Amino acid sequence: MDRRRGELLGVDAPVVAAPMAGGPTTGTLVAAVGAAGAFAFLAAGYKTPAAMAAEIAAARVGGLPFGVNVFVPTPVPVGESEFRRYAGRIAAEGAPYGLDLADAARIEDDDHWAAKLDLLVRDPVPVVSFTFGLPPASVVRDLRRAGSRVLVTVTDAAEAAAAADLGVDGLVAQSGHGGGHFGTFTPATPPPLRPLPDLVGLVAGRTGLPVLGAGGVGGSAEVQAALAAGATAVLVGTLLLRAAESGTSRTHRDALADPGRDRTVVTRAFTGRPARALRNAFIDRYDAAAPLGYPALHHLTRPLRTAASRAGDAERLHLWAGTGWRAARAAPAAEIIADLTRGL
């Protein structure tokens with residue numbers, strides 16, 4: 001077992017199942033990845049503390065290492081007038097589903113931050129990772145005292161240095177080629193796109209901490225390149241979206257396999273925060289008009305996205321996907337992990 005990987009994650013395989021909030025990450029997926037010898041994160045984002053506690057309890061039954069990812073409440077506020085303008089602009093999209101988006105409430109919440117941290121301190125898990133910003137130093141201290149290793153997602157060397165100053169145990173270096181939300185601390189001005197090995201090298205060189213690489217992985221070649229650049233392990237998310245054990249919706253799965261989808265793009269049209277997704281009609285129509293505004297825009301479009309997913313309407317759904325989406329396939333998670341680690 002690689003010493004640093006063993007100390008940080010407690011596994012030998014250099015692949016980690018990324019936390020995918022909103023449904024794709026399930027307890028079944030976490031268990032399957034763990035049984036395959038790799039590490040997996042539960043996604044606490046958008047869940048109640050009670051739901052998070054239930055998932056943690058279920059993950060413990062298997063006796064394998066796992067982690068929990070938590071969103072740091074770093075809101076990007078949007079004014080009422082700008083919010084109303086955007087809500088009115090997209091209102092027609094909700095009409096087929098009986099949704100009055102124009103009159104939706106502007107919600108600015110913290111995703112149950114305090115309650116989730118209290119749970120993780122009282123009932124510690126092996127690893128806690130944070131995304132969207134820096135947790136307070138007191139939070140890092142309390143979690144480490146409770147016995148958890150603490151990671152922070154970073155997207156450039158400056159963010160990495162700031163996280164290292166908190167005394168964290170490691171970093172997740174997320175390339176902009178990854179699917180879903182960027183973990184950047186500065187959503188209005190995200191860092192430039194870099195190949196994952198370059199980002200891993202920058203972050204590792206700046207801090208000396210163990211680094212998990214993430215973003216744009218399409219197969220074992222990308223895993224090997226990130227490891228060669230100094231990564232302790234490599235996160236994969238998009239490649240697990242079609243796994244048999246994932247909770248990815250049928251509409252999203254079908255879109256990932258659709259040969260007519262020709263690219264991923266970065267958009268804030270769905271949530272008010274930059275995220276990478278398969279291009280679709282909603283992005284084409286509204287990305288240019290979408291303000292920064294997270295989590296308000298997330299809450300605004302969530303009912304539409306839920307209805308669209310159930311109806312098989314991929315043109316109104318957030319089809320999160322990284323640049324390696326073509327390699328995502330329908331298979332058991334263990335088979336996907338085996339393919340990624342073969343020859344390593």
Side-chain angles (χ1 to χ4, degrees), residues 2-9 13-19 39 41 67 69-72 74 127-135 137 140 149-239 264-266 273-276 320-325 340 344:
D2 176 88
R3 180 184 63 82
R4 294 190 104 186
R5 186 160 57 246
E7 292 173 352
L8 190 66
L9 303 177
V15 173
V16 174
F39 189 90
F41 278 102
N69 175 257
V70 181
F71 290 162
V72 178
T74 49
V127 179
V128 177
S129 70
F130 292 99
T131 300
F132 292 164
L134 295 175
V140 175
R149 277 90 71 196
V150 178
L151 309 178
V152 171
T153 302
V154 298
T155 59
D156 63 18
E159 292 177 356
D165 287 345
L166 291 176
V168 300
D169 297 283
L171 303 169
V172 178
Q174 183 203 42
S175 159
H177 295 280
H181 284 113
F182 288 7
T184 177
F185 300 179
T186 55
T189 55
L193 289 178
R194 291 187 178 94
L196 181 57
D198 292 356
L199 179 61
V200 166
L202 282 172
V203 169
R206 182 72 174 265
T207 67
L209 288 171
V211 175
L212 310 185
V217 175
S220 60
E222 286 82 6
V223 173
Q224 291 172 356
L227 294 174
T232 299
V234 180
L235 272 71
V236 294
T238 300
L239 293 186
T264 62
V265 295
V266 177
R273 210 178 204 285
R276 185 173 293 280
W320 297 154
T323 55
W325 97 95
L340 288 168
L344 297 180

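Reckoned from all heavy atoms, side chains included, excluding hydrogens, waters and symmetry mates. Keep in mind the model is a prediction, meaning the values are calculated, not measured.
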Original post:
Given the rule in the side chain to side chain contact (heavy atoms under 4.5 Å, CB included) test, do Leu196 and His177 qualify, once you have shown the distances and angles that lead to the verdict?
Top reply: CA-CA 8 Å; Leu196 181 57; His177 295 280; over 6 Å; no

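- Here the shortest heavy-atom pairing between Ala231 and Leu227 reads O-CD2, 3.3 Å.
- The two residues Ala163 and Leu171 have their closest heavy-atom pair at CB-CD2, 3.6 Å.
- Side-chain contact between Thr323 and Arg276 is present, with heavy atoms from C-beta onward closer than 4.5 Å.
- The two residues Val140 and Pro135 make their nearest non-hydrogen contact at CG2-CG, 3.8 Å.
- Contact between Pro197 and Ala226 at its shortest, heavy atoms only, is CG-N, 4.3 Å.
- Rounding to the nearest 0.5 Å places CG of Leu9 at 7.0 Å from CG of Leu151.
- In this structure, the separation between CG on Leu212 and CZ on Phe39 is 8.5 Å, given to the nearest 0.5 Å.
- With respect to Val154, the side chain to side chain contact (heavy atoms under 4.5 Å, CB included) criterion is satisfied by exactly one of Thr207, Val211, Thr184, Val203: Val203.
- With sequence neighbours excluded, no residue forms a salt bridge (Lys or Arg N to Asp or Glu O under 4.0 Å) with Asp156.
- Interatomic distance, CG of Leu235 versus OG of Ser175, reported as 12.5 Å (0.5 Å rounding).
- For the atom pair OG1 of Thr153 and CZ of Phe71, the computed distance is 9.5 Å after rounding to the nearest 0.5 Å.
- Residues Pro190 and Thr155 have side chains not in contact (no heavy-atom distance under 4.5 Å, counting atoms from C-beta outward).
- For Glu7 (side chain) and Arg4 (main-chain N/O), no donor-acceptor pair under 3.5 Å exists by modelled atom type.
- Applying the side-chain contact (heavy atoms from CB on, under 4.5 Å) test to His181 and every residue at least two apart in sequence or in another chain returns Tyr46, Phe132, Thr271, Arg273, Ala275, Tyr294, Trp320.
- Nearest heavy atoms, Val200 versus Gly213: CG2-CA, 3.9 Å.
- From Thr232, atom OG1 reaches atom CG of Leu8 across 7.0 Å, with rounding to the nearest 0.5 Å.
- Considering every non-hydrogen atom in both Asp169 and Pro210, the closest pair reads O-CD, 3.4 Å.
- Here the options are Val128, Leu134, Val152, the test is side chain to side chain contact (heavy atoms under 4.5 Å, CB included), and the partner is Val168; only Val152 passes.
- In the model, Thr131 has a side-chain atom that pairs as donor or acceptor with a side-chain atom of Asn69 under 3.5 Å.
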